[in-house]
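Right, one structure below, let's go through it.
Chain naming here is simple, since letters A, B, ... match the order of the sequence lines and numbering starts at 1 in each.
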Amino acid sequence: MIARLSSKLSQLPLVKNSHGKASVLESTMSVQWLMIVVVFFNQLTLFQELETWLIALSLLCVAWKIRLCSSNKRYASKIALILVALAGCVVLALRANSLGLLVSMIHLLCFAYSLKMLEQRSDRDFFQLIVIGLFILGSGLIFTQSLGFFAIFIALLSANIALLLKFVSNKVSFSLAQKRSLVMLLQSIPLAVALFFLFPKLAPLWKMPLSQSATTGLSDEVKVGDIANLALSNEVAFRVEFDDASLTHSQLYWRTLVLDRFDGTKWFQKAPPIKYLEKFSRFKPAVSGVAIDYQVFAEPSYQHWLFSLDVPLIKGTGSSQISMLQKSDYTLIAKLPITQTTTYQLTSYPNASLDYPSANQVALSNRNLRLPESSNPRLQAEGKALREQFADQPQWQQKVVSHVLSRFRQQNYFYTLQPPLLSGNTLDAFYFDQMAGFCEHYASSFAFLMRSAGIPARVVVGYMGGEYNQQGNFYTIRQRDAHAWTEVYYPDTGWVRVDPTAAVSPDRIEQGFSDELFQQQSSLSGDFIDFNQLGNIQWLNALKIELENLDYQWTRWVVGYDADKQVDLLREWFGNGAKWLSTLAIIFTFMMTILAVFWAQQWRKNAKPKPIWQGYYDKLLVAMNKKNISKTPQQTILDFARQVSDTHNELGLAFTEFSQTINCLAYQHLTDKQRNYLQGVIKRQYLACKVALKSC
Amino acid sequence: MLKAINQSISHFIKQRFDRWLAKRMPAKKRFTLSNRNIFIFPSKFGLVYIGFILLIFLLGTNYQNNLILLFAYLLASLFITAMLHSFYNLSGVTIESVGEIKGYANSQINALFKLNSQSQGYQFSFNFNGQKPTVYAGLNTQQQIEVKINNLPRGKLPLGRLTIASDHVLGLFRTWTHLDFDATAIVYPMPKAIVGRYQPSDAQSTSDEINDKQQSAQRGQGNEDFYALDRYQKGQPLAHVAWKQVARGRGWYSKLYQSEPSGDLMLSLASMPAGDIETKLSMLCYLVQEYHQKSLTFGLELGKQVIAPSVGNGHFEQCLLALASFGSTNTVQATSQKIAEDNINEALK
C-alpha cells in the first residue's frame, strides 16, 4: 500500500522525468542487432504454421531492419511502414477464410511483430515488441508439445529475457545478459513447477478456435495403396501404457475406423454428424471376461477418431477425460478433433463379443452385403461359386472363410510394400493375377469376396502391434503400424475379426515389420539415413530407447498432466488434507525461491575473490581489536596507522610500513610487476606486525 | 471543482507521506540501502506483464494445454525472481554525501556522493526533487558520483530528498529510495558583466570622487587595468574589444581600463547601476570574481551587512555566500559566521 502511494507520489514532481529508464534512443545499436536475431528465431518456431507469403514478408522485414541498423537507424519511415502494413493486411484478409481463425490470428501476430521491429521509436515500442514476442513464442506450444520443442522454447525464452535485460541495462554485456537471464530462469523453475503440479487445474472457460492443420494418419476412405503409403512414415501415432497386462504382439489390434461401404474403388463409412451422435447415441457395449486397463496418449491427428483395443469402455467419468463418444461399431470418437497431444483412459475386454446389432438382421444384411453390381465381376463370380459349394453345410460361413484364407496361405501370395500398380477392377486384378499387395489389398478383396458369397463383412482400419519400450513400460505405435483387416458376421457369434494378412504373412502379425519390409520402407521413403538399420548398432539403439522413454515421460507427466492426475498426486502426497497442504507447498516453494535468490546474491558478492592484502589487513585488524586497538570506519588506512604509531612505539613502526604498502595496493594504479613485488613485501610486513603485536 | 478536490487530496497524501518518510528515514549524511529504505513496485510494463501472464494462463486453460500453463507459471515465477533481483541491485549500497553543494544560479551544479557496494550495480538514476535524473548505467563497487542539478535560482535552497531509482533487471519493477541528506544548495548569483560604467568606491571615498574617477577613466583608456564594459563605438581601438562577449553572441563591447585604485575598494549593492535586485547581485558577483582574480583587496556592502575589505579564498567565499543568501538574513549570518570561523582555523594552521 505504502509502496503504491509512494510510487504515485514520485510521479508528482514538477519536471516530468523519465526516472532513469533506458530509452530506445539511449540504448546501443547492439540491442537492435540482438532484437533482429530474437525476432527471427521467435517466428521460426511457428515456421510450419506460417504461409509462404508471410515468411517472405517476415524475411523482408528482417532484411529491412538489418539495412536500417547498418546505417544506425532504429525505425523505418512511417509511409513505407503503412504501405507494407496495408499490403500485408489485404493478403491476410484474402487468405483468412482458408486459414481459419486461429492460424489467421497467428499470422496477424507475426506480421505485427515484424512491423514493430521496424518501428522502434520509444520505450513503449520496445516493451510491446517483447510482449508480442513472448506471445508468439507461447503460441508455438499450441501446435507442438514435444520435449525437444520445449527445450528450444526455453532457450529462446532466455534469449528474449536477455534482450529485455540488455535493453533495460545497456551497460550489461551480451554474455552477462545471457548468463543473468539463464540464472533468473533457473531460479524461477522451482516455483513454476510447484504451481504447475499444485495449482488447481481449471476446466476450459470458453471455446477457442482450433488449429486446422492437414490431417495426419488414417483416413476414413481407404483404397488399395493408401495404407502402404502411410506405412512409409515413422511418425508416432500414439503411445499406450497398460496398467498391468502383458499382451502379445498379435493381440494388439488398435481399432480406429470401421468402413462398411464400398463404391468399386474405395471402402468408406457414412458416419452421422458428431452433433447427432452426441444427442442420440447411448451405445454401451455389453462386456464380460478379462479387463485390461490402459491409457492412450494420442498425438495430434486433427481427426476425431481414437484408438482402442476390442471391446473398449470409457474408464471413469473424470472431468479431465476428453469428451468421447462410443459408436455402435465399437469405435470411439472424440467430440473435438485431436489438435494436441491428448490422453484418455480405457478399459478393454478382449474376450467380449461384438454382437451388436444382432436384433436388426435386415438392416445389417442390407448394409454389409451391398456391392456395386458391375465391379470386380470375377470376384463376384468366385463368391457365388463358394456359396454354392458350402451353402448346404452347417456353419458354412466359417468354412468359406477358412477356404479363402487357405488359398492366401497356399497359393503364391506375397506381402509387400511395393505392390504393382493396379487399375480398373483392382480387386480382381490383385486376387487373381498379381497376388502381391499390402494389408489393405488383402482386407478389401477378402471383404468383397465375403459379401459376394453372402456373408456380411466389413473392413476395419487401425493400427497393428507397437514397439515396446522396456525402460518406460509403454508401447509406441507409429504410422507405419497402420493396418487394415476385416470383420465377418456369423449369425451365432456376431462380428468376428478375420485378418487375411495373418494368413499371408504371419510374421507381420506376430512380430511386426520384418527386415525386408523395413528395407522396402526406407528405400521407398527416401530417407537419407536409415534409422532402422542404425537400430542394429547397440549403443545407438539404447540411446534411441532412452530418448523415446524421455519423450514419453514428458508426455505422460507434463503434457498429459490433467485434473484427475493432479487429484491422485495430491492424495498420494498429502492424504486427505490435499487442498490446504498444496497451498502450503506452493507457499513453501515461494519462500525457497526467495531464499535461493538471496543465497545466490550472497554467493555472487562473496565470490569476488578478496585480494590477499585485504585478508592480511582484516586479520590484523581483528588481532589488534583484541588488544583494544580499533579502527573507526571513518579513519583512512594511513590515519589509523598514525594513531597506532602515536600510542604504540614498536608496533607503530611495523604497522605504518605495512599500512603504506596496503595503501599503495588498494589505491594506486600498479603494473602487474609492481603488484607482485608489493604482494611479496606485504607478507613480510604482515608477519613483522604480528610479531610486534605479540610483544604489545 | 473536482480537480481542486483531487489536488487537495494529493497534497494531503503527499504531506502525510513526507511526514511518514521523515519519521522512517530521518536525515543523515550516510545511508546504507536495505529493506528499511528501499521501495519496490511494478512499473507500467510490469503491470502489463501481469495482464499478459493472465492472458497466457487463459490461453493454456482454454486449450487445456499444459505447456502453455507451464509457460504462464514460469513467467509468473520470473516476475518474483525479477523483483528480488531488482531489490538486490539497490540493496547493500552505501551512499554518503561529500562536500557542499554550491554553484552559480541557472547553471549546472554538481552534488557529489560516494558510493560503496559489494557488487556492481546497474542503471542507477539519481535526482533531487523536480530535477532531471543523472543516470549511471554501471556502477563500480567504489565510485564517486555527481548528481547534476540545473536551473536553481539564487539563494540557499534546501534540495529535499535525493531519489535513487533503478529499473534493472527487466524493467518490470522500479526500485527506489528517497534519502534525506539535509542537502542545501548554496547558489550564487550568476555573474553578469556590467554594461555602462561603474567605479567602485574607496573604502572612504565619496560619490564625488567616483565621478572624478569616471571622468579620468574616460580620458585615459590606456594601459591601465580593465574595470568594466561599454558598448563598442566606432573608432575605439580593436584591441579593447571584449572578444569573449562577441564570441558568446552578446554583442560588441569594449573593455574600459583604468589604473589600479590606490586604496581598498568597497563594492556595494546601492552603487550598482539600475536594475532589479537580482541583476544588481549578479553584477556584484561579477565584480567580486573579477577582483578576486586580480587579488585586489575589496569589501562588500549588502544593505545592512558589511564585509570588511580583505583578500584570499576565504574572503571570496564569504562574499559569494553573502551574495547567495542575501535576503534571507538569519541563515546568512549563521553561515557567514561559520565561514569566518573556518577562515580563522585556516589562518591558524
Side-chain angles (χ1 to χ4, degrees), chain A residues 2-10 12-15 17-22 127 131 134-135 138 141-142 145 150 157 161 164-165 167-172 180 184-185 187-189 191-192 195-196 199 202 204-208 340 558-562 590 593-594 597-598 601 604-605 608, chain B residues 10 13-14 17 20-21 39-41 43 45 48-49 52 55-56 58-59 61-78 80-82 84-85 88 92 118-119 122-127 129-133 135 137-138 163 165-171 174 176 178:
Chain A
I2 283 153
R4 179 191 219 122
L5 272 184
S6 54
S7 95
K8 265 255 165 67
L9 290 173
S10 66
L12 287 176
L14 307 164
V15 180
N17 60 38
S18 63
H19 288 298
K21 222 175 247 166
F127 289 131
V131 169
L134 288 177
F135 203 94
L141 294 172
I142 297 176
Q145 292 113 33
F150 196 71
L157 179 61
I161 295 166
L164 181 57
L165 201 151
F167 174 78
V168 173
S169 332
N170 54 31
K171 253 296 168 54
V172 178
R180 284 292 294 277
M184 285 173 68
L185 263 185
Q187 287 168 337
S188 308
I189 282 175
L191 184 59
L195 282 171
F196 179 76
F199 194 80
L202 305 179
L205 302 175
W206 63 81
K207 218 176 137 187
M208 298 290 276
Q340 56 188 9
V558 181
V559 179
Y561 182 76
D562 53 27
F590 181 76
T593 305
I594 291 178
V597 177
F598 175 74
Q601 289 290 331
R604 204 157 66 89
K605 280 174 183 170
K608 201 175 284 162
Chain B
S10 66
I13 293 174
K14 186 166 162 50
F17 179 65
W20 178 80
L21 261 185
F39 300 92
I40 185 160
F41 195 73
S43 61
F45 174 54
V48 170
Y49 181 88
F52 174 69
L55 191 70
I56 293 282
L58 277 180
L59 191 77
T61 301
N62 278 347
Y63 277 112
Q64 291 287 292
N65 187 316
N66 276 340
L67 293 192
I68 295 180
L69 283 177
L70 186 58
F71 179 40
Y73 295 144
L74 196 58
L75 288 178
S77 182
L78 184 70
I80 306 291
T81 315
L84 296 172
H85 279 259
Y88 283 114
Q118 286 167 304
S119 57
Y122 292 101
Q123 216 63 35
F124 275 48
S125 82
F126 303 86
N127 73 299
N129 199 12
Q131 288 283 332
K132 268 195 183 153
V135 179
T163 302
S166 175
D167 284 322
H168 188 74
V169 174
L170 299 181
R174 210 169 83 83
W176 76 99
H178 299 298

Which heavy-atom pair separates [X] from [Y] by the least distance, and what is that distance?
X	Y	value
A:Leu141	B:Leu67	CD1-O, 3.7 Å
A:Ala192	B:Leu70	O-CD1, 4.3 Å
A:Ser169	B:Gln123	CA-OE1, 3.3 Å
B:Thr81	A:Met184	CG2-O, 3.8 Å
B:Val48	A:Val131	CG1-CG2, 4.4 Å
A:Ser188	B:Leu78	OG-CA, 3.3 Å

Distance col, row A:Leu164:CG vs B:Phe45:CZ, nearest 0.5 angstrom, shows 5.0 Å

d(A:Arg180 CZ, B:His85 NE2) to nearest 0.5 Å is 6.0 Å

What part of [X] gets within 4.5 angstrom of chain A, counting heavy atoms only: side chain, backbone, both, or neither?
X	answer
B:Ile68	both
B:Ala82	both
B:Leu55	side chain

Checked B:Leu75, B:Ile80, B:Leu74 vs chain A; the most non-hydrogen pairs under 4.5 Å come from B:Leu74

Begin from the C-alpha positions of A:Phe598 and B:Tyr88 and carry the test side-chain contact (heavy atoms from CB on, under 4.5 Å) through to its verdict. CA-CA 8 Å; A:Phe598 175 74; B:Tyr88 283 114; 2.6 Å; yes

Between [Y] and [X], is there a side-chain heavy-atom distance shorter than 4.5 Å?
X	Y	result
A:Val172	B:His168	yes
A:Tyr561	B:Leu69	no
A:Leu157	B:Phe71	yes

Where does [X] contact chain B at under 4.5 Å (heavy atoms): side chain, backbone, both or neither?
X	result
A:Phe196	both
A:Gln340	side chain
A:Phe135	both

Got a donor-acceptor contact below 3.5 angstrom from the B:Asn62 side chain to the A:Leu205 backbone?
yes

| task | Decide side-chain contact (heavy atoms from CB on, under 4.5 Å) for B:Val169 and A:Val168; before the verdict, give the C-alpha distance in whole Å, the side-chain angles of both, and the deciding distance to 0.1 Å. | result | CA-CA 7 Å; B:Val169 174; A:Val168 173; over 6 Å; no

